[in-house]
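Fair warning: this is a prediction, and the values are worked out from it, not measured in the lab. Letters go in sequence order (proteins before strands), and every chain restarts at 1.
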Amino acid sequence: MAATSDQTQPAGVAAAGVVPMPKAWKPQEVEEHMYREWESAGLFSAAADDPRPRFVISMPPPNITGELHLGHAQYTVQDLYCRYKRLLGYNVLWVPGTDHAALGTNALIERQLAAEGTSREAIGRASFDRRVEEWYANYGPRILNQLRRLGFTADWTRLRFTMDPAYIRAVRTAFVRLYDDGLIYRGPRIVNWCAHCASSVSDLEVDWREHEDTLYYIRYDMADGDGSLTIATVRPETMLADTAVAVNPSDDRYRRYIGRYARLPIVGRELAVVADDYVDPKFGTGALKVTPGHDPNDYEIGRRHDLEILSSIDKEGNIVSDDWVPDELRSRDALTARGRIVEMLRDRDHLVRTEGYVHDVGHCDRCGEVIEPLVDDQWWCAMSRLAAPAIEAVEDGRIRFHPERFGAGYLDWMRRLRDWNISRQIWLGHRVPVYYCSRDDQHVFASVEPPTACPQCGGTELRQDPDVLDTWFSSALWPFATLGWPDDTPDLRAFYPTDILDTAREIIPLWVSRMIMTGLRFMDAEPFHTVVIHAVIQDPHGQRMSKSKGTGVDPLEMVDRYGADAVRAWSADVALPRQDVRFDEDRIRSYQLFANKLWNVARFALAATAETERQGLDSLPAGALEEFDRWILSRLDALIVRVTDGLETYRPGEGITAIYEFTWHDFADWYVEAIKPRLRLQPADPSRVAAASVALHVLDVVIRLLHPYMPFVTEALWTRLPGDGTPLTAGTQVPRWPAPTGRQDVALERSVESLFEVVRRVRDARKEMGAGERETLPAAMQLTPSTAGLLDAGEGRRALGLLARLELVEELPGPAGRVVLGDGIEVSLGAPAAGAAADKASLERELKAATANIDRLEQQLASEAFVTRANPVVVQRSRDQVQAAREKRAALEEAISRAE
RNA sequence: GGUCGGCUAGCUCAGUUGGUUAGAGCGCUCGGUUCACAUCCGAGAGGUCAGGGGUUCGAGUCCCUUGCCGACCACCA
């Protein structure tokens with residue numbers, strides 16, 4: 001890699017000390033340049049003929065409806081696994097792309113047109129199409145730039161867009177095959193109609209919101225004059241299209257009405273009274289007006305009883321002008337008509353009463369308009385034959401969800417699937433590839449290539465269906481259509497099926513389920529084996545982020561402020577296995593600070609070590625490692641296990657948390673501080689060489705473990721460590737992911753950490769005694785017989801002196817100022833030059849705590865049940881603890897008496 | 001209505017088969033110009049683990065229940 005900025009200098013240059021490493025890690029000065037280097041070196045491109053095992057992710061294509069929001073930072077999870085797998089030696093392909101988002105983009109462009117005082121009808125289809133192209137040309141590149149700024153290693157040479165010519169052919173092919181197999185059909189059924197978008201929308205695109213409405217009780221007299229039925233409705237305007245009244249067959253109140261006829265007020269139509277189990281006798285009056293033309297449930301009742309379907313509301317949301325509609329209501333919009341109808345009912349004494357009523361009303365997901373259910377000719381995709389194998393794939397475990405609970409939700413939804421309304425009446429999108437011959441209404445056919453003649457009669461006057469397809473119909477083909485399907489391409493053969501799909505949970509029914517269905521149908525294989533559902537990012541108050549409320553956050557703003565590494569680390573931390581996560585800028589910032597910390601600890605280690613010491617651990621002579629060396633290597637082994645395990649179980653937060661804690665606290669705070677004197681020894685001193693080698697080894701491993709999370713800072717450091725110069729971002733033949741080395745030593749860890757605890761207590765005591773920060777105190781150390789050899793002499797003794805700023809002596813010159821106790825160790829501190837000679841109060845405080853601890857343990861051990869039934873290991877631990885606590889209490893009491 | 005998630009320090013969150021005296025980051029208090037880092041170092045204060053009940057020698061952790069917050073699915077006019 002060529003380097004222009006000093007932070008990306010090759011290792012040799014920096015190591016020679018020619019160019020010093022800057023004091024602070026400044027991602028803003030490094031990341032963008034470094035990314036361009038990676039991309040231009042082709043590090044993200046996978047080869048179809050690469051013999052290594054492959055790992056593939058299809059990127060969920062962001063909608064080109066605008067710029068990305070912070071939620072897209074969750075794509076970090078995908079890059080994390082791509083980089084992890086590259087380090088493991090896989091041939092990795094991450095296929096990127098964008099989605100045309102027909103309904104959404106269409107709504108935005110229409111809004112734009114409306115703001116300019118025009119409309120799509122006014123400017124015509126050609127101009128509209130140009131608008132669409134401009135839109136995509138504007139936002140598409142911005143989105144891709146955002147993804148690049150986050151450091152994502154998607155293979156941009158394979159970028160796809162769901163409206164590319166090749167993709168259009170894939171969509172048409174899928175449609176034609178399903179059509180020819182009878183799984184796509186056209187027919188009149190009730191749909192969710194949005195008058196504003198002038199299109200149907202699928203059940204999943206209806207947004208239900210609570211409304212306060214009025215429930216009207218309306219009396220329908222019987223046609224034969226004998227009695228009446230009162231019904232309740234919130235939508236009196238739909239009564240014009242009533243074609244029946246329904247009651248529950250078991251409802252004694254209404255049994256005598258069944259089979260007779262009621263007369264519809266205002267209109268005068270006769271309505272059959274039918275018996276249907278759907279009717280809830282306890283709701284309202286127990287009698288239901290049936291309007292098959294404008295209510296999904298009524299539609300079902302209508303089918304069961306073979307009722308006529310009438311429409312009283314048209315696609316503009318106005319009352320129809322059919323001759324059975326009273327003149328004064330015709331063409332009025334539905335809402336004004338409602339008021340007028342209520343007046344008419346009141347005038348004619350049909351309105352029994354009204355009451356307030358709170359219920360949910362469907363709104364268009366895209367534009368917010370109230371949805372009008374109406375019956376319309378639409379294209380449908382039959383679900384049951386497609387769903388069955390997709391259900392089995394998850395039941396059998398061929399596809400697994402993480403977190404697991406989402407699998408149950410998927411199955412529940414799939415088992416209740418209804419046919420899918422796939423046509424939309426807008427201009428933007430994939431046109432339905434169905435053609436009608438002008439010679440004969442019966443000559444209807446679907447065709448992948450635009451046909452020139454009717455296959456049945458050869459007629460050349462053909463008309464294409466005006467509808468377009470639901471965007472999700474095209475997205476459903478994503479994992480294979482991006483690889484060249486329907487052609488049998490090398491990419492398709494090499495890279496399908498993919499491995500992991502990572503997305504948000506709300507997308508499971510919209511997209512995941514449909515990819516599984518089409519993958520099994522067209523490719524005869526599940527499109528992926530693992531579905532990872534990441535958390536949804538909310539605003540800091542736990543509300544959904546929304547652009548309109550101004551609570552949306554631009555990921556680039558965060559990247560500019562804290563660096564991509566910090567944003568990524570935070571994303572990876574919170575993405576799994578949680579369900580919701582609040583945006584927390586401080587937490588992002590903490591990862592920037594971490595990058596700086598890593599940078600500096602590396603800077604120190606590199607500056608303090610000589611070129612000759614950068615040879616690797618293996619070249620050290622046997623026995624060269626001291627206690628702290630073995631301690632940090634033991635901790636490092638545990639870290640490798642924890643990070644790897646976290647990634648393998650789809651809990652990446654475990655990994656980044658562990659790396660953070662290890663690097664900052666174990667490595668920088670303790671290990672590096674403890675070896676500083678050793679690094680100042682002569683270059684050839686074995687102790688120095690061991691410390692330097694271990695420090696560099698730890699850095700090397702940490703950088704590799706951290707790289708998937710924070711690629712930029714790790715790459716910058718990698719070039720300065722000994723190695724072959726191949727960027728970490730590059731895939732290599734030889735795996736580079738660290739493996740545990742068997743150096744874990746739990747007993748050693750315990751004794752070293754108990755020494756740290758003593759250091760902490762001494763620091764605390766020094767402060768309480770009023771010792772100066774830089775003042776060295778004399779101290780005598782006493783060890784109990786059980787003490788580990790570590791503390792007796794050598795490194796432990798040295799470290800205690802260094803880290804707690806003590807001079808260890810055999811005998812204190814005067815009375816002890818304080819006595820500090822640890823596990824098997826007692827440190828008597830000499831009095832500081834100034835300040836309180838002894839702090840009896842704090843000793844007494846400690847005594848109190850120690851006594852309470854003894855009481856608790858003694859009580860526990862006095863319990864017969866505990867001693868006989870608890871795990872012996874636990875019992876022994878309590879015994880050891882109480883013993884240690886008693887020793888400590890005795891020492892404290894003695895110290896207190898000395899202080900008096 | 002069904003399902004799922006959450007409720008742990010002032011704030012945001014860890015806490016993986018039940019077992020030391022419940023942790024971290026930020027914030028706060030006190031002290032630090034030690035030649036890696038003030039984007040830092042050291043020390044400290046701060047929690048009846050949402051309420052109630054149960055199982056257990058032992059519960060933040062398991063079971064039941066109540067409450068509140070949130071999400072998804074369904075759609076009783």
Examine the base of U20(B) for any acceptor or donor lying under 3.5 Å from a partner atom in the side chain of Gln881(A), and report the outcome as yes or no.
yes
Ranking A71(B), A43(B), A36(B) by distance to the side chain of Arg763(A), first place goes to A43(B)
Quick check: any donor-acceptor pair below 3.5 Å linking the side-chain of Lys597(A) to the base of C37(B)?
yes
Measure from the side-chain heavy atoms of Glu654(A) and tell me the nearest of A36(B), C75(B), U16(B).
U16(B)
Report yes or no: does Thr354(A) contribute a side-chain atom to a donor-acceptor pair with the main-chain N or O of Leu215(A) at less than 3.5 Å?
no
Separation between the C1' atoms of G46(B) and A22(B), rounded to whole Å
14 Å
Could you measure between the two P atoms, the one in G19(B) and the one in G60(B), and give it in whole Å?
9 Å
Looking only at side-chain atoms of Lys26(A), point me to the closest of A36(B), U39(B), G19(B).
U39(B)
Should C28(B) form a Watson-Crick or G-U wobble pair with both distances under 3.5 Å, which nucleotide is its partner?
G44(B)
For the side chain of Thr233(A), starting at C-beta, report the closest nucleotide among A36(B), A77(B), G25(B).
A77(B)
Describe the nucleic acid contact of Asp280(A) in one word from base, sugar-phosphate, nothing, applying a heavy-atom distance below 4.0 Å.
base
Out of G42(B), U12(B), C37(B), which has the shortest distance to the side chain of Lys23(A)?
C37(B)
Between Arg886(A) and Glu858(A), is the closest basic N to carboxylate O distance under 4.0 Å?
yes
Scan Tyr410(A) against the nucleic acid and name what it touches under 4.0 Å (heavy atoms): base, sugar-phosphate only, or nothing.
nothing
Choose from A43(B), G25(B), U39(B) the nucleotide whose nearest atom is closest to any side-chain atom of Leu593(A).
U39(B)
Can you check whether Gly653(A)'s main-chain N or O pairs, donor with acceptor, with Arg651(A)'s side chain at less than 3.5 Å?
no
Could you work out which one of C41(B), A77(B), U12(B) sits closest to the side chain of Trp664(A)?
C41(B)
With heavy atoms under 4.0 Å as the rule, sort Ala605(A) into base, sugar-phosphate or nothing.
nothing
Under 4.0 angstrom, heavy atoms only, what part of the nucleic acid is Asp586(A) near: base, sugar-phosphate, or nothing?
sugar-phosphate
Is the shortest side-chain N to carboxylate O distance from Asp412(A) to Arg416(A) below 4.0 Å?
yes
Using only side-chain N and O atoms of Arg418(A), determine if any of them is under 4.0 Å from OP1 or OP2 of C75(B).
yes
Which value, in whole Å, describes the distance between the C1' atoms of nucleotides U56(B) and G18(B)?
9 Å
So that I can tick it off, tell me whether Glu753(A) and Arg750(A) are bridged by a salt bridge, with the cut-off set at under 4.0 angstrom between side-chain N and carboxylate O.
no
What is the nucleic acid contact for Arg235(A), judged by heavy atoms within less than 4.0 Å: base, sugar-phosphate only, or nothing?
nothing
Of the nucleotides C37(B), C57(B), C73(B), which one has an atom closest to the side chain of Arg603(A)?
C37(B)
Quiz question: going by heavy-atom distance under 3.5 Å, is there a donor-acceptor pair between the base of A36(B) and the side chain of Glu673(A)?
yes
Consider the side chain of Arg405(A), meaning its heavy atoms from C-beta on, and name the nucleotide among C37(B), A36(B), G5(B) that approaches it most closely.
G5(B)
Under-4.0 Å salt bridge between Arg209(A) and Asp207(A)
yes
Residue Phe866(A), side-chain atoms from C-beta onward, closest of C76(B), C57(B), A77(B)
C57(B)
